2 protein chains.
Amino acid sequence: MGKQMTEMLKGTLEGIVLAILSVRPAYGYEITAWLREKGFSDIAEGTVYALLIRVEQRGLVDVEKFPSEKGPPRKVYSLNAQGQECLEEFWRTWSFLTKQLEQLREGGR
Amino acid sequence: MGKQMTEMLKGTLEGIVLAILSVRPAYGYEITAWLREKGFSDIAEGTVYALLIRVEQRGLVDVEKFPSEKGPPRKVYSLNAQGQECLEEFWRTWSFLTKQLEQLREGGR
DNA sequence: ACTAGTACATAGTAACACTGAATAGTGGCG
DNA sequence: CGCCACTATTCAGTGTTACTATGTACTAGT
């Protein structure tokens, strides 16, 4: 992946994952696969798992274990109230940034 | 500043500064003041200077010193060809991210 | 047994923004 | 004169984040 994308994902990837979880609960492997499909070419698996552990420790998600037909049990994460709040805050921050950058992009030409 | 904003600025702030420099040459103090006006409430001064040194070392900008009426001489940065190229790459990456996040935002409600 | 696919975890590294302080020059005020 | 405010740059130390690379573990197919 490009170095720029790597840096730009910092802070953003967490919002992306929270947004995914706001649609429906999901587990790490599933989220990674989804991201790759969507064009985040090779987000490292470890990255997603580390992120999930972080948001869990901050109390933004609830966790439940479900047995898998193939392989070890899945840790299914779901967004709780606090996570929902954090996601909304994320969207506010994101909106501010996009607004500023749009203005810059217009002015730059 | 919010922690979310801090993390989201990683990678983005560099693009913002390059975009500013693409409009016209500027020096650190000026850029910091401009950012604060635009609502990046309290971006640390040190942050901008460190970023400018980084992009200088990567050869994205040219530097000239000009005496100031008040205070030490200004280091005026201007975007060169390589910087312009980097800025365009930044816009491509940014566009991809915004597209993905817009889709997520729609789907999430 | 061996391989591939599923699923999670983690130690170490690099990059970036922040904190907090230092340095340096100019002008105004008591 | 001494002090403060404003302009302007620099730097060492810190925290957070994503990546790299690897390891563990379970199942199914050959």
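For clarity, every value in this text was computed on a predicted model and none was experimentally measured. A, B, ... follow the sequence lines: proteins, then strands. Residue 1 opens every chain.
- Closest approach to the A:Thr47 side chain among D:dT20, C:dA17, C:dA15 is made by D:dT20 (side chain taken as heavy atoms from C-beta onward).
- In this structure, CZ of A:Arg54 is placed 13 Å from P of C:dT10, rounded to the nearest angstrom.
- A donor-acceptor contact under 3.5 Å is formed by the side chain of A:Lys10 with the base of C:dA15.
- One atom, CE of B:Met8, and another, C1' of C:dA15, lie 18 Å apart when rounded to the nearest Å.
- Residue B:Gln84 places its CD atom among more than 12 non-hydrogen atoms of other residues, nucleotides or ligands, all under 6.0 Å distant.
- Out of C:dT10, C:dC16, C:dA7, the shortest distance to the side chain of A:Glu7 is found at C:dC16.
- Across C:dA17, D:dC11, C:dA9, the shortest atom-to-atom separation from the side chain of B:Ile53 is found for D:dC11.
- At a cut-off of 3.5 Å, with distance as the only test, no side-chain donor of A:Ser22 or B:Arg105 sits close to an acceptor on the other residue.
- As judged by a 4.0 angstrom heavy-atom cut-off over every strand, A:Leu13 is placed among residues touching the sugar-phosphate backbone only.
- Close to C:dC16, at under 4.0 Å from its OP1 or OP2, lies a side-chain N or O of A:Lys3.
- As a whole-Å value, the separation of A:Glu30 CD from C:dC8 C1' is 14 Å.
- Comparing A:Glu69 and A:Glu45 against DNA chain D, the residue whose closest nucleotide sits nearer the 5' end is A:Glu45.
- In this structure, of D:dT17, D:dT9, D:dC26, it is D:dC26 that holds the atom nearest to the side chain of A:Pro72.
- Counting to the nearest Å, the C1' atom of D:dC26 and the NZ atom of A:Lys65 are 13 Å from each other.
- Distance from the side chain of A:Ala44 is smallest for D:dT20 among the nucleotides D:dT17, D:dT20, C:dC18.
- With ring centers used as reference points, A:Tyr27 lies 6.0 Å or more from A:Phe66.
- Side chain of A:Tyr27, nearest nucleotide from C:dC18, D:dT9, C:dA7: C:dA7.
- Rounded to whole Å, the distance from CG on A:Leu52 to P on D:dA18 is 11 Å.
- Note on B:Gly46: a base of the nucleic acid sits closer than 4.0 angstrom, heavy atoms only.
- By the 4.0 Å N-to-carboxylate-O rule, B:Lys10 lies close enough to B:Glu7 to be salt-bridged with it.
- If you measure from atom CZ of A:Arg36 to atom P of D:dA18, you get 15 Å, rounded to the nearest angstrom.
- With rounding to whole Å, A:Leu51 atom CG is found 15 Å from C:dC8 atom C1'.
- Proximity note for A:Tyr49 (side chain, C-beta onward) versus C:dT10, D:dT7, D:dT20: the nearest is C:dT10.
- To the nearest 0.5 angstrom, B:Tyr77 atom OH is 12.5 Å from B:Glu64 atom CD.
- Taking only side-chain nitrogens and oxygens, A:Lys75 comes nearer than 4.0 Å to OP1 or OP2 of C:dA9.
- OP1 or OP2 of D:dA18 has not a single side-chain nitrogen or oxygen of A:Thr6 nearer than 4.0 Å.
- Among A:Lys75, A:Arg36, A:Arg24, the one residue that satisfies the salt bridge (charged side-chain N to carboxylate O under 4.0 Å, His left out) test with A:Glu30 is A:Arg24.
- What separates NZ of A:Lys70 from P of C:dT3 is a distance of 19 Å, to the nearest Å.
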